[in-house]
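Note that ligands are numbered from 1 as they come in the structure, with each ligand's atoms numbered from 1 the same way.
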Amino acid sequence: MSRLVYVLNGPNLNLLGKRQPDIYGRETLADVERDCRALATELRLDIRFHQSNREYEIVDWIHEARETAGAVVINPAAFTHTSVAILDALNAFEGPVIEVHISNVHKREAFRHHSFVSLRADGVIAGFGTQGYGLALRRVARLLDDAKA
Ligand code: CA2
């Protein structure tokens with residue numbers, strides 16, 4: 001299976017590190033991308049790292065991943081709780097999908113407790129801060145290694 005991993009980020013995550021550090025920490029999305037790239041090299045993964053505030057762009061990247069990628073790591077942000085379109089796109093992707101949330105959504109408002117994406121995700125990480133992205137990449141590397149063996 002391809003060792004290319006799409007790391008996708010939903011709406012408002014471009015503000016990471018710039019607002020609400022009590023909830024989301026002080027690292028920016030550029031810091032997260034840099035850390036993901038360094039870890040990916042260690043794990044022999046290639047990554048495509050994207051963020052969008054537009055649902056259709058995330059759907060289009062998942063379609064692209066169908067053709068080229070072995071796994072998807074996704075923080076769908078607010079679309080987690082609303083988007084059947086992203087769920088449908090992920091259901092059409094064959095490799096591992098890991099859902100990441102920086103905050104512990106279960107400790108927050110009730111509307112954040114339901115995730116459409118969790119109906120497809122092979123694993124869900126929440127509340128580990130931006131460290132969750134690295135944990136997701138480690139899991140994906142293991143799953144891709146296991147699929148090869
Ligand atoms: O905890 C997460 O990673 C979330 O996916 C973040 C989403 C939220 O809607 C989900 O319920 C949980 C919000 C992303 C907004 O990110 C910001 C970061 C800094 C400042 C403002 C927004």
Side-chain angles (χ1 to χ4, degrees), residues 3-43 45-66 68-144:
R3 291 187 75 83
L4 176 63
V5 182
Y6 272 54
V7 182
L8 302 178
N9 294 279
N12 298 307
L13 284 165
N14 52 310
L15 298 177
L16 202 61
K18 299 172 184 170
R19 298 270 188 287
Q20 294 182 268
D22 45 321
I23 302 176
Y24 299 114
R26 294 201 177 276
E27 269 203 316
T28 65
L29 198 63
D31 295 331
V32 174
E33 178 172 0
R34 183 203 57 215
D35 292 351
C36 282
R37 289 195 180 284
L39 182 61
T41 303
E42 201 182 297
L43 298 171
L45 299 172
D46 293 319
I47 60 172
R48 299 240 164 96
F49 193 100
H50 294 298
Q51 186 274 332
S52 182
N53 297 325
R54 300 174 181 89
E55 190 175 21
Y56 76 88
E57 274 192 312
I58 295 171
V59 169
D60 285 350
W61 285 323
I62 296 167
H63 290 178
E64 212 177 271
R66 267 166 53 78
T68 55
V72 171
V73 169
I74 183 165
N75 182 347
F79 292 149
T80 306
H81 319 297
T82 62
S83 181
V84 176
I86 290 175
L87 171 63
D88 286 346
L90 289 169
N91 276 333
F93 177 79
E94 284 185 4
V97 173
I98 308 293
E99 177 181 350
V100 174
H101 298 288
I102 297 166
S103 64
N104 181 0
V105 282
H106 300 290
K107 206 178 167 185
R108 301 182 65 191
E109 303 96 320
F111 68 83
R112 296 185 203 275
H113 298 175
H114 178 263
S115 165
F116 284 100
V117 170
S118 292
L119 291 166
R120 166 63 182 87
D122 298 293
V124 182
I125 295 169
F128 286 77
T130 52
Q131 204 189 341
Y133 288 84
L135 299 173
L137 286 177
R138 285 185 191 281
R139 179 63 182 155
V140 150
R142 173 70 69 89
L143 291 171
L144 295 177

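Partners of H63 by ring-ring contact (aromatic ring centres under 6.0 Å, His included), not counting sequence neighbours: none found. With sequence neighbours left out, the ring-ring contact (aromatic ring centres under 6.0 Å, His included) criterion links Y24 to no other residue.
To the nearest 0.5 angstrom, L137 atom CG is 9.5 Å from I98 atom CD1.
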Inventory of protein N or O atoms under 3.5 Å from ligand 1 N or O:
{"unit_1": "ligand 1", "atom_1": "1 (O)", "unit_2": "I102", "atom_2": "N", "d": "3.2"}
{"unit_1": "ligand 1", "atom_1": "1 (O)", "unit_2": "S103", "atom_2": "N", "d": "2.8"}
{"unit_1": "ligand 1", "atom_1": "1 (O)", "unit_2": "S103", "atom_2": "OG", "d": "2.6"}
{"unit_1": "ligand 1", "atom_1": "3 (O)", "unit_2": "N75", "atom_2": "ND2", "d": "2.9"}
{"unit_1": "ligand 1", "atom_1": "3 (O)", "unit_2": "I102", "atom_2": "N", "d": "2.7"}
{"unit_1": "ligand 1", "atom_1": "5 (O)", "unit_2": "N75", "atom_2": "OD1", "d": "2.9"}
{"unit_1": "ligand 1", "atom_1": "5 (O)", "unit_2": "H101", "atom_2": "ND1", "d": "2.9"}
{"unit_1": "ligand 1", "atom_1": "9 (O)", "unit_2": "A78", "atom_2": "N", "d": "3.4"}
{"unit_1": "ligand 1", "atom_1": "9 (O)", "unit_2": "R112", "atom_2": "NH1", "d": "3.0"}
{"unit_1": "ligand 1", "atom_1": "11 (O)", "unit_2": "H81", "atom_2": "NE2", "d": "2.7"}
{"unit_1": "ligand 1", "atom_1": "11 (O)", "unit_2": "R112", "atom_2": "NH1", "d": "2.9"}

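Side-chain contact annotation: Q51 with N53, donor-acceptor N/O pair under 3.5 Å present.
Sequence neighbours left out, the pairs with a member in residues 96-110 that pass salt bridge (Lys or Arg N to Asp or Glu O under 4.0 Å) are E109-R112.
Ring orientation note: the planes of Y6 and H50 are tilted relative to one another, at an angle of 30° to 60°.
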